[in-house]
Colleague: 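Sharing a structure here in structure tokens format.
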Amino acid sequence: MLDRLTVLLPCKPDRAQRTVRIGQDDVAMQMAGCEVGEVLYAVSHIQVKSVAGVPDAVQKWQAVALSNLRATSPQRQPWLVPKGANTAVRLLATGQSTHGGAVQAQLAWFSAGLDVYHIAVYAPHLAPEHSESILSDLRIQ
């Protein structure tokens, strides 16, 4: 649940929920996101059926996100993950926005038990301050 995650977004987020396919499973995804200027901040959550399914869910979620971005050469980034997190991945990717323009993205996935979270920051030109505060101030309750 997104309620278990404390994340400091720089704006008041809109919230939504929808069913998405991750691997072979349809799962309920909770999302919160907002924009400041040209920067889009998004936080998403799913719950998997077993802890053993977490790495597969993260990998498949990554593939979908990078495909949607039409990302080229995503680069792993170092990241001090939130206390209590297990599986954790952070990527920097360049691709295309839904409007066809160039976009840079900081993308992070991490898990805590059966909960899998995705943090994303998108902008035509990302500066370190756009993503560092959101990724460094995460707290799992």
Colleague: List the atom of A52, the atom of P55, and the distance in Å for their closest heavy-atom pair.
Modeller: O-CD, 3.6 Å

Colleague: Grab the two heavy atoms, one from L91 and one from P74, that are nearest each other, plus how far apart they are.
Modeller: CD1-CB, 4.4 Å

Colleague: When the ring planes of W109 and W61 are compared, do they come out parallel, tilted or perpendicular, using 30° and 60° as the limits?
Modeller: perpendicular

Colleague: According to a 4.5 Å side-chain heavy-atom criterion applied to Ile, Leu, Val, Met, Phe, Trp and Tyr, with indirect links allowed, do V20 and V54 form part of one hydrophobic cluster?
Modeller: yes

Colleague: Side-chain heavy atoms nearer than 4.5 Å, only ILVMFWY residues, links allowed to pass through others: does that put V116 and V51 together?
Modeller: yes

Colleague: Taking atom CD as the centre, does E132 end up with more than 12 heavy-atom neighbours from other residues, nucleotides or ligands that are less than 6.0 angstrom away?
Modeller: yes

Colleague: Take the angle between the ring planes of H45 and Y117 and call it parallel below 30°, perpendicular above 60°, tilted in between.
Modeller: tilted

Colleague: Is Q77 reaching over with its side chain to a backbone N or O of R90, donor-acceptor style, under 3.5 angstrom?
Modeller: no

Colleague: For the residue pair T94 and Q104, what are the closest heavy atoms and their distance?
Modeller: OG1-CG, 4.2 Å

Colleague: Looking only at heavy atoms, what is the nearest atom pair of L126 and Q106, with distance?
Modeller: CD1-N, 3.5 Å

Colleague: Could you tell me whether the side chain of R76 reaches within less than 4.5 Å of the side chain of V89, counting heavy atoms only?
Modeller: yes

Colleague: Should we count CD of Q96 as having more than 12 external heavy atoms under 6.0 Å?
Modeller: yes

Colleague: Specify the closest pair of heavy atoms between N86 and A112, including all atoms of both residues, with the distance to one decimal.
Modeller: ND2-CA, 4.1 Å

Colleague: Flag the pair V121 / V39 as yes when at least one side-chain heavy-atom distance between them is below 4.5 Å, and no otherwise.
Modeller: yes

Colleague: We want to know whether Q30 and R15 form a side-chain donor-acceptor pair, criterion being a heavy-atom distance below 3.5 angstrom.
Modeller: no

Colleague: Within the structure provided, determine whether Y122 and S97 are in side-chain contact (heavy-atom separation under 4.5 Å).
Modeller: no

Colleague: Quick check for you: to the nearest 0.5 Å, what is the distance between H125 atom NE2 and E38 atom CD?
Modeller: 7.5 Å

Colleague: Out of curiosity, does I134 fall in the hydrophobic cluster containing V36 (side-chain heavy atoms, cut-off under 4.5 Å, transitive links)?
Modeller: yes

Colleague: Can you hop from I46 to L114 via hydrophobic side chains spaced under 4.5 Å?
Modeller: yes

Colleague: Between C34 and L9, which heavy-atom pair has the shortest distance, and what is it?
Modeller: SG-CB, 4.2 Å

Colleague: What's the spacing between D26 CG and R18 CZ if we round to 0.5 Å?
Modeller: 12.0 Å

Colleague: Is there side-chain contact between L40 and V103, with at least one heavy-atom pair below 4.5 Å?
Modeller: no

Colleague: Give a yes or no on this: more than 12 heavy atoms of other residues, nucleotides or ligands lie within 6.0 Å of atom CG of N68.
Modeller: yes

Colleague: Decide yes or no for V64 and K60: does some side-chain heavy atom of the first lie under 4.5 Å from some side-chain heavy atom of the second?
Modeller: no

